[in-house]
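For reference, the structure discussed in these notes is given below.
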Amino acid sequence: MTFNRTRLALSVCTATLLFSQQALAVNLYEDTQNRLEFSGRIAAGSSYVDDIEDDHDVVNAGSRVRLIYEHNFTDGWSSIARAEWGFDPFYRDGSDAHYKRMLYAGVSNDEYGTILIGKQYSMWYDMVAYWTDWFWYNGATAQGSFNGRDGDGGFEGNGRPDRAISYKNTWGDWSVGLLFQTSRDDHETDSVPEYTNIGGQQLVSGYRQRVDGFDRKYTGQGAVVWQPVEDWSFGATYTHSSIDAYTTGEEKDEDVDAGLLAARWTPGNWYFALTAGEYHNLVRSDDNFGNDEGDGIVDKARGYEGVALYNLKQPMPGTVQLYTGLNRLENTDTDARQAFYLAGVAWLTFNENLILSVERKFDDSKGDDGSDVGHDETDLLVRYNF
């Protein structure tokens, strides 16, 4: 009996292996019931930004390594444990800059579904948002997955949530996912002097504790996908995260409420997808995307992403992808937006494990006052999956 790659592994690894379905994973151990796999990728990129002088240094573009252990039971159940770490193979800042991407374990059954516990992909991303995350170098800036307080979307639960438990199952044309995050403190406390006036002089009368940062009480998330026919899919997902914010020592509720709708059409070698979302207290602000009341978080934003892609499988070896699309993230209270249009081409060769891509990004970003703040650029990517 050969090892059967379980449905669990297929379902929870969908988003990670989207572009490396034939990756050269190394089976460190395998028998009739167990498999231990080592895999990952090395990726490098370089950007040429119009009207800006730079040295076009090669930078890390999402390199990572992972270990996956799977076990098949005799009664239809299977289990998985996964650890994945990102790192910088180029030591740009003098170190490998490693960090934890995912660390979870779970069980699955064809009838009863899949349960995972730990740091994992969200139902938001794994079931719906990844539909428009098909650009090789750019993208995913307006879909709400990685826009939060942490770069990986882990705090609010939309990207790779920590301290999470999820459940996913499929019934006929419908797939449903639920996720819950437990509490997490992410604040700093320091002592601030208090003063009193004595004889015309200000003197320190004592100290008080000042808290700055965010605390999460919990996150609840749901996602649903309807696939009435093979080529068409429609998805929706919603997140509520109960968060307290501390700014200059004052506490206030800053709950996240975010929703995303998506549609996907995949006729033949074509791929089309569109997402539209609204995000309350989710998106990080910057100098040109403000209205954050001093806490670094935009009160309300809307995002739109679209992608159109064609897989050209002949006459070259491998696959050539021609693609285009847009990303547009708007601050609903100002004229600010982070937006671009894109055209790209990629070549997937050596069993589609080596990817070479070139993308031309046409920036359409605006500041709070409606002025242009972006620059067009050309981006190069080399990635090898192993």
Side-chain angles (χ1 to χ4, degrees), residues 4-23 76 78 108-116 120-136 139-140 142-145 158 166-179 221-239 258-278 302-314 318-328 342-346 348 352:
N4 178 28
R5 184 179 291 268
T6 66
R7 178 189 174 192
L8 171 62
L10 293 174
S11 63
V12 300
C13 298
T14 297
T16 304
L17 303 181
L18 267 175
F19 309 121
S20 57
Q21 293 92 337
Q22 304 176 51
S78 58
S108 183
N109 181 279
D110 286 344
E111 180 180 357
Y112 299 110
T114 299
I115 297 175
L116 299 179
Q120 57 190 277
Y121 272 120
S122 64
M123 299 297 97
W124 175 289
Y125 183 81
D126 188 52
M127 293 183 65
V128 181
Y130 84 86
W131 292 4
T132 53
D133 190 13
W134 276 73
F135 303 148
W136 285 99
Q143 52 159 257
S145 298
N158 278 19
S166 68
Y167 172 75
K168 183 165 64 173
N169 205 353
T170 298
W171 296 273
D173 299 336
W174 295 86
S175 297
V176 175
L178 300 172
L179 181 140
Q221 184 179 101
V224 59
V225 174
W226 178 45
Q227 189 174 359
V229 294
E230 182 179 358
D231 294 346
W232 279 99
S233 301
F234 303 91
T237 182
Y238 179 80
T239 295
L260 189 73
L261 299 175
R264 179 173 60 179
W265 183 37
T266 58
N269 290 334
W270 288 95
Y271 182 94
F272 301 93
L274 180 67
T275 59
E278 184 161 308
R302 292 194 181 102
Y304 309 92
E305 286 191 0
V307 59
L309 180 148
Y310 182 76
N311 287 299
L312 182 64
K313 297 183 178 295
Q314 296 293 337
T319 300
V320 174
Q321 291 183 346
L322 307 175
Y323 54 96
T324 185
L326 62 92
N327 273 248
R328 184 183 178 99
L342 183 141
V345 58
L348 290 66
E352 298 194 352

Which atoms form the tightest heavy-atom contact between [X] and [Y], and what is the distance?
X: M127; Y: V225; answer: O-CG2, 3.5 Å
X: A140; Y: N327; answer: N-OD1, 3.5 Å
X: Y238; Y: A258; answer: CD1-O, 3.1 Å
X: A263; Y: F234; answer: CB-CD2, 4.0 Å

Please test Q321 against W136 for side chain to side chain donor-acceptor pair (under 3.5 Å), starting from the C-alpha separation and ending with a verdict.
CA-CA 10 Å; Q321 291 183 346; W136 285 99; 2.9 Å; yes
To the nearest 0.5 Å, what is the distance between [atom1] on [X] and [atom2] on [Y]?
X: L179; Y: L116; atom1: CG; atom2: CG; result: 9.5 Å
X: E230; Y: T266; atom1: CD; atom2: OG1; result: 7.0 Å
X: T275; Y: L261; atom1: OG1; atom2: CG; result: 9.5 Å
X: L274; Y: E305; atom1: CG; atom2: CD; result: 9.5 Å
X: M123; Y: Q221; atom1: CE; atom2: CD; result: 7.0 Å
X: S166; Y: Y121; atom1: OG; atom2: OH; result: 13.5 Å

Side chain to side chain, F272 and P267, heavy atoms closer than 4.5 Å:
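F272 vs P267: side chains touch.
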Do W226 and S175 have side chains that approach each other closer than 4.5 Å (heavy atoms only, starting at C-beta)?
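Sidechains of S175 and W226: no contact.
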Between W265 and W232, how do the two ring planes meet: parallel, tilted or perpendicular, split at 30° and 60°?
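The rings of W265 and W232 lie parallel, inter-plane angle below 30°.
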Answer yes when D126 and K168 have at least one side-chain N-carboxylate O distance shorter than 4.0 Å, and no when they do not.
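Looking at K168 together with D126, the answer is yes, because their closest N to O distance falls below 4.0 Å.
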Given side chain to side chain contact (heavy atoms under 4.5 Å, CB included), test L312 with T319 step by step and report yes or no.
CA-CA 6 Å; L312 182 64; T319 300; 6.0 Å; no
Apply ring pair (Phe, Tyr, Trp, His ring centres under 6.0 Å) to the pair W134 and Y271, showing each step before the final yes or no.
CA-CA 10 Å; W134 276 73; Y271 182 94; 4.6 Å; yes
